[in-house]
Asks: 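Before I ask anything, here is the structure I am working with.
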Amino acid sequence: LLLARTNIASRAVAENTKSVSRLVIPRCRPGGRPDRCMGISPHSSHRQFLRECVLTTVLFILVCVNTRLQWLRSGTPEGVVRVGDCRRLRNLVIEGQQHVDAILLAKYKDNRAETLPMPFHLPRHESSNQRNHENSLLNKHDHGSSFVGVKTIHYSSAKHRAWLAIGIPTIPRAHNEDYLEQTLDSLTRELPTDRMDPHYGNVAIFVVNMFGNGHDVFNNAKKMYASSAYAPHMHFITETNHSSDPLDGMRDLGSANRPGWKVRKQTRDFVLLLHRVQGFAEYVLLMEDDMQLCSHGLVAAHYLLRRVADYYGDWIAVRASFGMNGIFIHDSDIRHLCLYLSKHQARRPPDHLVVEWYAGETTESAKYRGHRQHIGYKYNILYHVGSVSTLRYQSHAPQMPGCYELLLPPVVFPVEAYDPNLCSADDITPCIWRSHRRRRPPFDFSHLQGMRIA
């Protein structure tokens, strides 16, 4: 920082006095001298250079002294740096970079229209969700006693998070069916192994065992993918921190719309799953262990999320399958969704609650949702391979759609479904008016109907 500021100042001195004079915001009084208003005296350029050097040196010494005092006060070892201290140093560097940019721009822009920019604390190209994620990590370390080694601090980690995290809770079936292996096979067929592919390392698959010891299908899959080419994408976790039932262990059966103890347990499992995937990617996709990703499903997901982002910006959810599957959400919304599911788990099943949450059907969810839009996709991108739903038994359940078949009521709720009458020329609901400046023709996936895996 010292070298950058002194170098820029010295270059300005070497060029001419007039360019350096523009570094100073004019303080002109009515009727004042024109030479005092438009610039500074020839000798002021050297004073500007010395002022830059002295100011930078003082700032550097103050930061070093302040950091050293905090280390001594907190008893931190010599080889580590607190996250909060790094945050302040990073902000100082950014402000210094802004100051240098302002000096360069001042040579070419009119002094009356341009002033030094206000300092900001994070790069402009980071989204609000990335800022919220980074700030949450910083606050977590600032208020605790945990310290991070210098080599393990990555303040730009938010910029390099994965694009998509796929969360899959799993439990063993009664007859030990290998649904999980089929599901993972359909996912890995869509994953790239070429490091030059844009999706390489940007899709993370989290398989969370909610049963504990004795889940043989999970253990076999974990062993199989540990040494495969898809290992960088795979994360196998056995959950041990299970929360208690709010109804004090009541073993009620429940109904299609009133959750019994097993459905309440699955709601809490989804909450644990969301906590496991939080912070790893910008977007999260929820699915069960008996749902296969359709052929070219990853391409369809990328197209869908990009289309929705272009049209609606900060959306709250995207529906691309049925049940507790094919739901895309932002990572920054995980915390509130978890709180909502936990709070209302005894009132409705999880696949009802999540729709209630992103559709804003209650006062609580509507307040959080605000003006953000949820979107229903035209096509189903996941195929159900299980014979019975893991959520609950339904004697009159509708026929489940296959790959890239229309996703319409009653398979999904009308409030979240694609409307072919209203949006016949588009593939999402709500759709975009034909006159919208960013509207592009939709990509037709209907020719892939019935294709389960590549």
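Just the heavy atoms: all of them, side chains too, but no hydrogens, waters or symmetry mates, feed the values below. Nothing here was measured: the structure is a model prediction, and the numbers come from that model.
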Asks: Pick one: which of E416, H374, Q373 meets side chain to side chain donor-acceptor pair (under 3.5 Å) with Y358?
Replies: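 Between Y358 and the candidates, side chain to side chain donor-acceptor pair (under 3.5 Å) is satisfied uniquely by E416.
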
Asks: Backbone N or O of H296 within a donor-acceptor pair of the E190 side chain at under 3.5 Å?
Replies: yes

Asks: Evaluate side chain to side chain contact (heavy atoms under 4.5 Å, CB included) for D290 paired with R173, printing each intermediate quantity in order.
Replies: CA-CA 10 Å; D290 56 355; R173 296 302 196 272; 3.5 Å; yes

Asks: Do E181 and V217 have side chains that get closer than 4.5 Å, going by heavy atoms?
Replies: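 Counting from C-beta outward, E181 and V217 do come under 4.5 Å.
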
Asks: Within the supplied structure, the quantity of interest is the number of heavy atoms (other residues, nucleotides, ligands) at a distance under 6.0 Å from N176 CG; does it exceed 12?
Replies: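 Count over threshold, so yes.
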
Asks: Counting C-beta onward and ignoring hydrogens, is there a side-chain heavy-atom pair between Y340 and T362 closer than 4.5 Å?
Replies: yes

Asks: Are the side chains of R264 and D252 in contact, using a 4.5 Å heavy-atom criterion?
Replies: yes

Asks: Angle class for the H352/F413 ring planes (parallel below 30°, perpendicular above 60°, tilted otherwise)?
Replies: perpendicular

Asks: I'd like to know if the side chain of H344 pairs up with that of E364 as donor and acceptor (distance under 3.5 Å, no hydrogens or angles considered).
Replies: yes

Asks: Identify the heavy atoms of A162 and G201 that sit nearest to each other, and give their distance.
Replies: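 That would be CB-O, 4.1 Å.
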
Asks: Under a 3.5 Å distance rule, please check whether R319 uses its side chain to pair with a backbone N or O of S321 as donor and acceptor.
Replies: yes

Asks: Rounded to the nearest 0.5 Å, what's the gap from CD on Q182 to CG on L187? Could you check?
Replies: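 Output value for this atom pair is 12.0 Å.
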
Asks: Taking S295's backbone N and O only, do any of them form a donor-acceptor pair with Y404's side chain (distance below 3.5 Å, no angle check)?
Replies: yes

Asks: Taking the side chain from S342 and the backbone from L339, do they hold a donor-acceptor pair closer than 3.5 Å?
Replies: no

Asks: Give the intermediate values and the outcome of side chain to side chain contact (heavy atoms under 4.5 Å, CB included) for residues D333 and V284.
Replies: CA-CA 10 Å; D333 292 320; V284 175; over 6 Å; no

Asks: Which heavy-atom pair separates V411 from L407 by the least distance, and what is that distance?
Replies: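 So the minimum-distance heavy-atom pair works out to CG1-CD1, 4.5 Å.
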
Asks: Ignoring hydrogens and angles, state whether a donor on the side chain of R335 or Q278 is under 3.5 Å from an acceptor on the partner side chain.
Replies: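 There is no such pair (donor and acceptor under 3.5 Å, judged by atom type) between the side chains of R335 and Q278.
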
Asks: Let me confirm one number: the SG-CD distance from C403 to E405, rounded to the nearest 0.5 Å.
Replies: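 The distance works out to 8.5 Å.
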
Asks: What is the distance from atom SG of C431 to atom CD1 of I375, rounded to the nearest 0.5 Å?
Replies: 11.5 Å

Asks: As an exercise, state the distance from CG of D194 to NE2 of H199, rounded to the nearest 0.5 Å.
Replies: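 Here the rounded value is 13.0 Å.
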
Asks: How are the rings of Y377 and Y379 set relative to one another: parallel (under 30°), tilted (30 to 60°) or perpendicular (over 60°)?
Replies: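 Because their plane-to-plane angle is over 60°, the rings of Y377 and Y379 count as perpendicular.
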
Asks: Checking ring pair (Phe, Tyr, Trp, His ring centres under 6.0 Å) between F218 and each of Y225, F236, Y179, which is the one that passes?
Replies: F236

Asks: Does any part of the side chain of V271, heavy atoms only, come nearer than 4.5 Å to the side chain of Q345, both counted from C-beta?
Replies: no

Asks: For the atom pair CD1 (I166) and CG (L191), what is the distance rounded to the nearest 0.5 Å?
Replies: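 Spacing of CD1 (I166) from CG (L191) equals 7.0 Å.
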
Asks: Are any of the side-chain heavy atoms of W315 and H330 separated by less than 4.5 Å?
Replies: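 Answer yes - side chains close enough.
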
Asks: If you look at every heavy atom in A226 and A231, which pair is closest and at what distance?
Replies: O-CB, 3.7 Å

Asks: Quick one, V318 and I428 - any side-chain contact, counting heavy atoms below 4.5 Å?
Replies: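 No, side chains not in contact.
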
Asks: For L273 versus P169, what's the shortest heavy-atom pair and its separation?
Replies: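 Reported closest heavy-atom pair: CD2-CD, 3.4 Å.
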
Asks: So, do W357 and H336 sit near enough that their side-chain heavy atoms are less than 4.5 Å apart?
Replies: yes

Asks: Would you say NZ of K265 has more than 12 non-hydrogen atoms from neighbouring residues, nucleotides or ligands within 6.0 angstrom?
Replies: yes

Asks: Indicate the atoms forming the closest heavy-atom contact of P414 with P409, along with that distance.
Replies: CA-CG, 4.0 Å

Asks: I'd like to know whether R307 forms a side chain to side chain contact (heavy atoms under 4.5 Å, CB included) with D427, so could you lay out the CA-CA distance, the side-chain angles of the two residues, the decisive distance to 0.1 Å, and finally the verdict.
Replies: CA-CA 10 Å; R307 186 174 183 84; D427 56 357; 3.0 Å; yes

Asks: Is there a donor in the side chain of N325 and an acceptor in the side chain of E288, or the other way round, less than 3.5 Å apart?
Replies: yes

Asks: Decide side chain to side chain contact (heavy atoms under 4.5 Å, CB included) for I329 and L274; before the verdict, give the C-alpha distance in whole Å, the side-chain angles of both, and the deciding distance to 0.1 Å.
Replies: CA-CA 11 Å; I329 62 173; L274 288 170; 4.3 Å; yes

Asks: Between F280 and F206, is a ring-ring contact (aromatic ring centres under 6.0 Å, His included) present by the stated rule, with each step listed?
Replies: CA-CA 10 Å; F280 282 87; F206 289 82; 4.9 Å; yes

Asks: Is there a side-chain contact between F322 and M291, using heavy atoms and a 4.5 Å cut-off?
Replies: yes

Asks: Using distance alone, with no hydrogens and no angle criterion, decide if N209 and T170 have a side-chain donor and acceptor under 3.5 Å apart.
Replies: no

Asks: For P430, does its backbone N or O pair with a side-chain atom of Y311 as donor and acceptor, under 3.5 Å?
Replies: no

Asks: How many angstroms lie between atom OG of S228 and atom CG of L184, to the nearest 0.5 angstrom?
Replies: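 Reported to 0.5 Å precision, the distance equals 10.0 Å.
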
Asks: Do the side chain of T429 and the main chain of G376 share a donor and acceptor less than 3.5 angstrom apart?
Replies: no

Asks: Around atom NE2 of H447, are there more than 12 heavy atoms of other residues, nucleotides or ligands at under 6.0 Å?
Replies: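 Yes, enclosed.
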
Asks: Is the backbone N or O of P401 less than 3.5 Å from a side-chain atom of N380, with the two atoms forming a donor-acceptor pair by type?
Replies: yes

Asks: Has T188 got a side-chain atom pairing as donor or acceptor with D185's backbone, closer than 3.5 angstrom?
Replies: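 Pair found, side chain donor or acceptor close to backbone of D185.
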
Asks: Can we call the ring centroids of Y283 and F328 under 6.0 Å apart?
Replies: no

Asks: Work out which heavy atom in G326 is nearest to a heavy atom in L382; give both atom names and the distance.
Replies: N-CD1, 3.4 Å

